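Here the structure is a predicted model, which is why all the values come from computation and not from measurement.
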Amino acid sequence: MKNRLLKTLVSILMVLALLPSTAGAVTAVPGIDGIRSSDQLDSYSIGLTQAGSGQLKITYDVWGTHPMDCIGAQSIILEEEVAPGKWQESTSYSEQYTYDSITHADVIYVKVFPGTKYRATLTAYARDSRGYDTGTVTSYIVLAS
């Protein structure tokens, strides 16, 4: 019950953090009680929103099925569209972890070129004594202003 309340509270806070933005997107892979993709990962999501002129905000979270030895983002890759349908890595972040926790969430601000389309991909990671799992999700596309 306590974990469910904490999970709900963090989810609400993340939604509220995204409300002030004028353009943005969040993509999530939800866990369903009783049906999980693994013994380690419950859910994970990534959002990409405007954060002012020439700046985007990457918001992500990773939830374990129970407290994990290590949980977080194995990698976050921001890509820019260089031609219609052709994407190129703009910047990346790796090994953003929390230890001995059921969740990891963070916000990253990045400078970008106005008028360019961007998307962000999260590779979520969770490890416990039984093993580890990863999962990948990509945000919707955002046009930087």
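Between the side chains of Gln74 and Thr134, not a single donor N or O lies within less than 3.5 Å of an accepting N or O.
A donor-acceptor contact shorter than 3.5 Å links the side chain of Ser139 to the backbone of Ala120. No side-chain donor-acceptor contact under 3.5 Å links Gln55 to the backbone of Ser53.
Between atom CG of residue Leu41 and atom CG of residue Asp133 there is a gap of 4.5 Å, rounded to the nearest 0.5 Å. One finds the CZ atom of Arg119 at 8.5 Å from the CD atom of Glu81 (value rounded to the nearest 0.5 Å). Here His104 contributes atom NE2 and Cys70 contributes atom SG; the two are 9.5 Å apart, rounded to the nearest 0.5 Å. Atom OG1 of Thr91 sits about 10.5 Å away from atom OH of Tyr118, to the nearest 0.5 Å.
In this structure, Val62 and Leu122 have side chains that are in contact, with non-hydrogen atoms separated by less than 4.5 Å. No side-chain heavy atom of Asp61 sits under 4.5 Å from any side-chain heavy atom of Ile46. Contact annotation: the side chain of Met68 never approaches that of Tyr99 to less than 4.5 Å [non-hydrogen atoms, C-beta and beyond]. Between Ile58 and Ile76, the closest side-chain pair of non-hydrogen atoms falls below 4.5 Å. Residues Leu78 and Val112 form a side-chain contact, since some pair of their non-hydrogen atoms from C-beta on lies under 4.5 Å apart.
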* Dump the intermediate steps for side-chain contact (heavy atoms from CB on, under 4.5 Å) on Thr138 and Trp87, then the final yes or no. => CA-CA 13 Å; Thr138 300; Trp87 295 89; over 6 Å; no
* To do: Begin with the C-alpha distance, continue with both residues' side-chain angles, and end with the deciding distance and a verdict on side chain to side chain donor-acceptor pair (under 3.5 Å) for His66 and Asp128.
  => CA-CA 9 Å; His66 57 274; Asp128 65 6; 2.9 Å; yes
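In this structure, Gly54 and Pro114 approach most closely via the heavy-atom pair CA-CG, 4.1 Å. The two residues Ala73 and Tyr97 come nearest to each other via the heavy atoms O-CE2, 3.7 Å. Shortest non-hydrogen contact noted between Val142 and Gln50 is CG1-NE2, 3.5 Å. Residues Lys57 and Tyr109 share a closest heavy-atom pair of CD-OH, 3.4 Å. Contact record, Thr65 with Ser38: CG2-O, 4.0 Å, taken as the closest heavy-atom pair. For the residue pair Asp69 and Ser129, the shortest heavy atom distance occurs at OD2-N, 3.5 Å.
Within 6.0 Å of the OH atom in Tyr93, the count of heavy atoms belonging to other residues, nucleotides or ligands exceeds 12.
Ring-centre distance between Tyr44 and Tyr60: not below the 6.0 Å cut-off.
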